[in-house]
Amino acid sequence: MSEQHHPDGPRPDQPAPEQPRPASGRPAPALFTWEFAADPYPAYAWLREHAPVHRTRLPSGVEAWLVTRYADARQALADQRLSKNPAHHDEPEHARGKTGIPGERKAELMTHLLNIDPPDHTRLRRLVSKAFTPRRVAEFAPRVQELADQLIDRFAKTGSADLIHEFAFPLPIYAICDLLGVPREDQDDFRDWAGMMIRHGGGPRGGVARSVKKMRGYLAELIHKKREALPATPAPGEDLISGLIRASDHGEHLTENEAAAMAFILLFAGFETTVNLIGNGTYALLTHPEQRRRLEESLVRGETELLATGVEELLRYDGPVELATWRFATEPVTVGGQDIAPGDPVLVVLAAADRDPERFADPDVLDLGRRDNQHLGYGHGIHYCLGAPLARLEGQTALATLLTRLPDLRLGADPAELRWRGGLIMRGLRTLPVEFTPAL
């Protein structure tokens, strides 16, 4: 989930780029405008029907193929002829460096799971999986609950809050810092760097690259210190960076560069996706009162099943990752009947695939109890999201705690006034003002 940090979404100071006309001859709907950002689903429905694999020009000038049907999306996500390595991009001069995080090349942070293919991907994922285990995530549940309660405590007596900045953003940042082993006294620096990264061009020029450089330098120093002090045997509750250092496969360990890149991408993938899951999910519940009531009543009864299926449905209905991260054809590939040339970028539109009526009954209806829900929100194939268990834990904990502690939670603004962040890959609200009865 890295490429979203390039400010490659809608901008108020320029028109949407001219879109190539699909094979049907009918003009495609406008993409990457502010109106599109607020509700992209009608445009995606049009593309699924008329131009399911559609070549488009992004605001940055990069041209890419958008894949919008579920079956095609699932095929493309698992097709190893579509490489994750940006070296395979046949990029023209004007597009150079516009398919990744600003500054990640200079900071030597390219060797992470979102940028590499087998066999390197296989080796790194196997090593990281030894440290980032489901058991480690499950043992972290009490800390996530503690963080959620502490954050709500800060605004519960006020009667109003911006749930993005006061809850959805700090919760996963502090959680992933704790999990990685970032000392508490340094975590506010991480919060500042992360905040710069999700502004999508709204901050000072070059701010993202500077934040990446600072984070890279900090992680390298932290990894070195932890490696020097690593005990012979792991202590109970050992942090994830220590686990990454310790992980080995047939005697092979992660290099310090690889460990830094992995810690960096785990932090990225572990925070903005969860910010948007909590923000988009809360917004969907506040605008679907019957579904919200179902969930609240099940929580009062002490049940967890609807919470679990509900978070999966929120991921499908309006998930945090709108487009899967970049892929590049390494040879001629046919997707959905469309021939794609070597070197061409391919973007799988998860948001479109997860509303495909060929795969999901009543796809535009939010149904928290939906059973047949093999959504693509966490991807598919060898690049399936490694942090999915952590995201599920944080999403379920956050939503359950909000609804339980603030039972009359309501929107504090007209939905038409809300603004969505203008990134290419991610989908999330800039702010989410809410009101509620102040706690005594």
Side-chain angles (χ1 to χ4, degrees), residues 37-39 41 144-145 147-156 158-175 198 270-300 304 306-322 351 354 365-370 375 377 390-421 426-439:
D39 183 11
Y41 296 103
V144 175
Q145 183 64 64
L147 282 168
D149 282 319
Q150 286 176 353
L151 290 168
I152 291 176
D153 286 344
R154 294 180 185 178
F155 60 76
T158 66
S160 65
D162 173 5
L163 276 189
I164 300 298
H165 293 281
E166 297 179 63
F167 185 70
F169 176 72
L171 174 62
I173 275 291
Y174 291 136
I198 70 168
F271 96 88
E272 190 173 4
T273 49
T274 309
V275 174
N276 294 345
L277 169 57
I278 297 169
N280 298 5
T282 303
Y283 176 68
L285 291 174
L286 294 180
T287 52
H288 293 80
E290 289 186 9
Q291 293 298 309
R292 178 224 182 131
R293 195 175 309 116
R294 284 179 70 189
L295 182 54
E296 286 177 331
E297 289 172 356
S298 77
L299 292 172
V300 168
T304 59
L306 191 64
L307 177 63
T309 60
V311 166
E312 299 308 304
E313 174 68 347
L314 293 168
L315 282 159
R316 182 201 68 81
Y317 180 77
D318 196 12
V321 184
E322 189 167 342
D354 282 342
V365 173
L366 180 68
D367 176 8
L368 298 186
R370 189 184 292 269
H375 64 78
L390 179 61
R392 287 187 171 106
L393 167 65
E394 292 177 338
Q396 291 179 21
T397 303
L399 293 174
T401 307
L402 279 173
L403 294 179
T404 302
R405 293 197 53 187
L406 306 173
D408 65 343
L409 189 70
R410 57 195 179 273
L411 278 176
D414 188 307
E417 297 173 2
L418 299 179
R419 292 293 176 262
W420 297 79
R421 285 201 299 273
M426 302 295 282
R427 174 165 173 76
L429 287 160
R430 290 175 177 268
T431 61
L432 182 57
V434 294
E435 296 172 350
F436 47 88
T437 300

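Note that the structure is predicted; figures quoted are calculated from it, not measured.
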From His288 atom NE2 to Leu285 atom CG, the distance as rounded to the nearest 0.5 Å: 9.0 Å
Would you call Met426 and Val275 a side-chain contact if the rule is heavy atoms closer than 4.5 Å? no
Between CZ on residue Arg430 and CG on residue Asp162, distance to nearest 0.5 Å: 12.0 Å
Pair Arg392 + Glu312: basic N to acidic O under 4.0 Å: yes
Answer yes or no: is there a side-chain heavy-atom contact under 4.5 Å between Leu314 and Tyr283? no
I'd like to know if the side chain of Glu322 and the backbone of Ala351 have a donor-acceptor N/O pair within less than 3.5 Å. no
Between the main-chain N or O of Ala37 and the side-chain N or O of Arg427, is there a donor-acceptor pair closer than 3.5 Å? yes
Can you confirm whether Arg405 sits close enough to Asp149 that some side-chain heavy atom of one is under 4.5 Å from a side-chain heavy atom of the other? yes
Do Leu163 and Leu409 make a side-chain contact, defined as non-hydrogen atoms from C-beta onward lying under 4.5 Å apart? yes
With distance as the sole test, does Ser160 use its side chain to make a donor-acceptor pair with the main-chain N or O of Glu435 at under 3.5 Å? no
Arg421 side-chain N/O to Leu429 backbone N/O, donor-acceptor pair under 3.5 Å: yes
Using the side chain to side chain contact (heavy atoms under 4.5 Å, CB included) criterion, which residues pair with Ala38? Sequence neighbours excluded. Trp420
Across all chains, not counting sequence neighbours, the side chain to side chain contact (heavy atoms under 4.5 Å, CB included) partners of Pro433 are Ala413, Leu418, Thr431
Measuring from atom CZ of Phe169 to atom CG of Asn276, what distance do you get when rounded to the nearest 0.5 angstrom? 11.0 Å
Nearest atoms (heavy-atom pairs only) where Pro415 meets Leu411: CG-CD1, 3.9 Å
Tell me whether Arg294 is salt-bridged to Asp367, with the criterion being a basic N under 4.0 Å from an acidic carboxylate O. yes
Please name all residues satisfying salt bridge (charged side-chain N to carboxylate O under 4.0 Å, His left out) with Asp39, sequence neighbours left out, ordered by chain then number. none
Holding to side chain to side chain contact (heavy atoms under 4.5 Å, CB included), I want the full list of residues that pass it with Ala400, two or more places apart in sequence or in another chain. Leu299, Leu307
Gap between atom CG of Leu390 and atom OG1 of Thr274 - 0.5 Å precision: 6.0 Å
Side chain Thr397, main chain Glu394, donor-acceptor under 3.5 Å: no
Leu399 versus Gly281, closest heavy-atom pair with distance: CD2-C, 4.3 Å
How long is the span from the CG atom in Leu406 to the CZ atom in Phe167, to the nearest 0.5 Å? 8.5 Å
Output yes when a side-chain donor or acceptor of Gln291 lies under 3.5 Å from a complementary backbone atom of Leu368, and no otherwise. yes
Heavy-atom closest contact (Gln145 atom, Thr401 atom, distance): NE2-OG1, 3.1 Å
To check you understand the geometry: which heavy-atom pair defines the closest contact between Leu277 and Ala391, and what is its length? CD2-O, 3.6 Å
Sorted by chain and number, sequence neighbours left out, salt bridge (charged side-chain N to carboxylate O under 4.0 Å, His left out) with Glu296 holds for Arg292
What are the two closest heavy atoms between Asp354 and Arg316, and how far apart are they? O-NH1, 2.9 Å
CD-CD1 distance between Glu272 and Ile173, expressed to the nearest 0.5 angstrom: 9.5 Å
Counting only N and O atoms by type, is there a donor-acceptor contact under 3.5 Å from the side chain of Asp408 to the main-chain atoms of Thr437? yes
Do the side chain of Arg154 and the main chain of Glu166 share a donor and acceptor less than 3.5 angstrom apart? no
Is there a donor-acceptor pair closer than 3.5 Å between any side-chain N or O of Thr282 and the backbone N or O of Gly279? no
Note: Leu171 and Val144 closest approach over all heavy atoms is CD1-O, 4.0 Å
Using side chain to side chain contact (heavy atoms under 4.5 Å, CB included) as the criterion, list what pairs up with Pro289, not counting sequence neighbours. Arg293
